[in-house]
Chemist: 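What follows is a structure written as structure tokens; I'll ask about it next.
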Amino acid sequence: MQRILIIDDDEDIIETVGSLLKFEGYDVDFAITTEKGIEKLEENIPDLVLLDIMFPDKKTKGFDAAAIIKDLYADLPLFVFTAINREYAFDFSMDDIKADEFINKPVKLDRLLELIKKYT
Amino acid sequence: MVQELSPIESSAFKSLKKVIIWFITLRWIACIGVSMVLILSYFIFHFQLQYKILSITTFILILLNLTYSFYFYRYKKQYLQRREIHQFFQIQIFGDYLLLLVLVYFSGFMENPLIYFFVFHIIITSFLFSSRIVTLYTAILVLVIGSISFLQYFYIIPSYPLFTSYGIMAPIVRLVQTAGFSALLVITAYLTTSTIKKIDTRGKQFEIELNKYKSLDKIKSNFILQVTHELRGPLAAISGFHEMILRGITGEIQDQTRQIITKADRRTDNLLIIIGEMIDFAYIKSSDDITFATKELSVRKIISENISNITTKAEQEEVHLSVACPKHLRIKTNSDLINIILGNLLFNAIKYTQPGGNVSLIASEKGHEVHIVVEDTGIGVCEDEIEKVFDEFYRSRRAREMEKDGTGLGLSIVKKAVDALHGRIIVHSKEGKGSSFHVFLPAYIDTGQIPGGENAENTDNR
């Protein structure tokens with residue numbers, strides 16, 4: 001069974017996306033901070049990571065985490081999961097973020113499954 | 001408290017190297033001038049002057065300037081430190097004061113018009129050094145000139161008059177001249193330093209304003225992030241819960257429940273769109289005078305990203321989507337603005353097209369422009385309303401009938417984004433048949449801003 005790690009501070013997002021993916025037959029793990037997420041990732045490498053951008057302690061913390069994760073595991077599929085897809089909201093270019101896909105929150109399950117299948 | 005800084009300590013530092021070159025050049029001109037005057041007055045006018053001393057002084061000036069030039073051009077042109085430049089200027093100015101004083105003293109002193117060159121000296125000093133140093137220089141100068149005058153008046157030290165015709169009046173006239181000249185020096189010092197202080201204060205105020213403006217921009221983007229986080233976050237969760245129910249995770253659902261949840265989900269999606277439009281609108285509105293950072297992008301890639309964002313909606317609405325774009329088409333532009341344009345046009349086209357209809361996006365190259373057409377077979381706009389579609393908050397009658405939710409901001413945002421990119425937008429529409437929006441964007445915009453210039457700095461901090 002393929003395992004997906006969701007890193008998001010919003011527990012409702014983890015619950016909804018997590019249970020939808022579980023329902024579709026994926027094994028789902030989660031973390032509510034990027035630190036915990038990277039810890040879990042190092043313990044047991046998942047098949048795919050879904051990473052939120054905005055965290056309460058830093059609004060662009062997900063970008064920092066994306067860089068760390070891609071440095072550690074360049075081949076691990078990483079989806080950045082963001083409520084905003086405009087560069088003007090951030091200080092830097094989205095091109096600099098090493099993510100495989102940018103997904104706009106909220107995403108419909110069909111679309112998410114389609115993308116996951118593309119990478120796993 | 002505003003700290004008083006001379007140019008050597010402040011940001012005007014860079015231009016100081018030019019000032020050094022300027023100093024050295026002027027001094028060469030002075031050397032030639034003085035030598036010429038000496039030669040002329042000795043051979044042609046037969047003035048009675050202290051030629052020996054004057055020649056030696058001129059020779060020293062030439063030697064000094066040679067040393068300065070050598071020091072500056074050979075060794076230090078590239079590597080001069082702030083402190084070194086400071087000292088270099090001090091030495092030059094002190095040397096010039098001294099030599100000018102000697103030259104003038106032995107050639108008529110107050111009678112010699114060259115003495116007025118001290119005024120230039122004071123002006124130059126006040127441009128280079130803090131007002132304390134200027135005051136010091138001026139005080140010493142006035143003191144020295146005054147002392148010489150007095151000592152000459154009482155015949156304690158010899159005077160070397162240029163013209164002997166003053167006769168008996170000469171000494172008192174010279175004292176009066178000295179007083180007047182001292183006043184001139186003091187006034188010059190006062191005027192120049194106070195003017196420079198004023199200019200500096202203005203400059204500092206301007207810098208403070210500029211920083212405020214920059215931090216305001218920062219606050220704005222933080223605000224956008226905050227609003228997005230607080231508004232879109234919960235809605236994303238709500239949308240997820242709807243989907244959990246609709247997918248049957250919570251158990252079998254009745255048809256009526258399904259219908260209600262579907263409606264709730266639709267309104268939630270609309271709300272998400274509206275928030276997005278409002279944020280874009282606020283951004284574009286507040287960016288009227290800002291140059292947008294540009295970068296080179298593949299048109300095909302931008303289009304495919306926008307299409308993939310909208311595919312789910314098109315499937316839901318049962319609208320057929322088709323796209324055509326040459327593979328190599330590239331555009332240098334602002335990525336947010338072009339995404340705003342394409343996203344809104346595609347979204348509108350799908351939203352106002354009935355199930356079974358078609359929406360197409362075709363991009364092509366037309367000279368120095370990229371031509372993008374978004375065409376639909378939707379409800380269209382009637383003729384008397386077509387002019388108003390780009391107005392803020394305007395929604396056509398048919399649009400209001402078809403969909404309750406909407407800000408009427410979408411197309412006005414598109415228009416503003418097109419304008420910001422120096423492009424044009426044209427709309428053709430027939431009520432009940434469909435609409436087509438033609439966007440022409442310059443393929444290459446150079447805002448003068450280096451793409452990623454500021455950005456690169458920030459990504460380093462990751």
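Below, chain A is the first sequence line, B the second, and so on; all start at residue 1.
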Chemist: Of the backbone (N, CA, C, O) and the side chain (C-beta and beyond), which part of A:Glu114 lies under 4.5 Å from a heavy atom of chain B, both, or neither?
Modeler: neither
Chemist: Answer with side chain, backbone, both or neither: which region of B:Ile279 has an atom nearer than 4.5 Å to a non-hydrogen atom of chain A?
Modeler: both
Chemist: Looking only at heavy atoms, which of residues 236-251 of chain B get nearer than 4.5 Å to chain A?
Modeler: B:Ala236, B:Ala237, B:Ser239, B:Gly240, B:Phe241, B:Glu243, B:Met244, B:Arg247, B:Gly248, B:Ile249
Chemist: Could you tell me which portion of B:Gln316 (side chain, backbone, both or neither) has an atom closer than 4.5 angstrom to a non-hydrogen atom of chain A?
Modeler: side chain
Chemist: Looking at NZ of A:Lys108 and CD of B:Glu315, how far apart are the two atoms once the value is rounded to the nearest 0.5 Å?
Modeler: 12.5 Å
Chemist: If you count the non-hydrogen atoms of other residues, nucleotides and ligands that lie under 6.0 Å from CG in A:Asp71, is the total more than 12?
Modeler: yes
Chemist: Sequence neighbours left out, what passes side chain to side chain contact (heavy atoms under 4.5 Å, CB included) with B:Lys327? Give chain and number order.
Modeler: B:Arg300
Chemist: Which bit of B:Leu231 is near chain A, if near means a heavy-atom gap under 4.5 Å: side chain, backbone, both or neither?
Modeler: neither
Chemist: Among B:Ser308, B:Gly343, B:Ser335, which residue forms the greatest number of heavy-atom pairs with chain A at distances under 4.5 Å?
Modeler: B:Ser308
Chemist: Side chains of A:Pro106 and B:Leu272: closer than 4.5 Å at any heavy-atom pair?
Modeler: yes
Chemist: For chain B, find which of A:Thr16, A:Asp110, A:Leu115 contributes the most heavy-atom pairs closer than 4.5 angstrom.
Modeler: A:Thr16
Chemist: Any non-hydrogen side-chain atom of B:Asn309 less than 4.5 Å from a side-chain atom of A:Asn104?
Modeler: yes
Chemist: Is the backbone N or O of B:Thr311 less than 3.5 Å from a side-chain atom of A:Arg111, with the two atoms forming a donor-acceptor pair by type?
Modeler: no
Chemist: With a sphere of 6.0 Å drawn around CD of B:Glu230, does it hold more than 12 non-hydrogen atoms of other residues, nucleotides or ligands?
Modeler: yes
Chemist: Which bit of A:Glu24 is near chain B, if near means a heavy-atom gap under 4.5 Å: side chain, backbone, both or neither?
Modeler: side chain
Chemist: Test your reading of the model: is there a side-chain donor-acceptor pair from B:Arg232 to the backbone of A:Ala83, 3.5 Å cut-off?
Modeler: yes
Chemist: Taking side chain as everything from C-beta outward and backbone as N, CA, C, O, which of these in B:Asp265 sits under 4.5 Å from a heavy atom of chain A? Side chain, backbone, both or neither.
Modeler: side chain
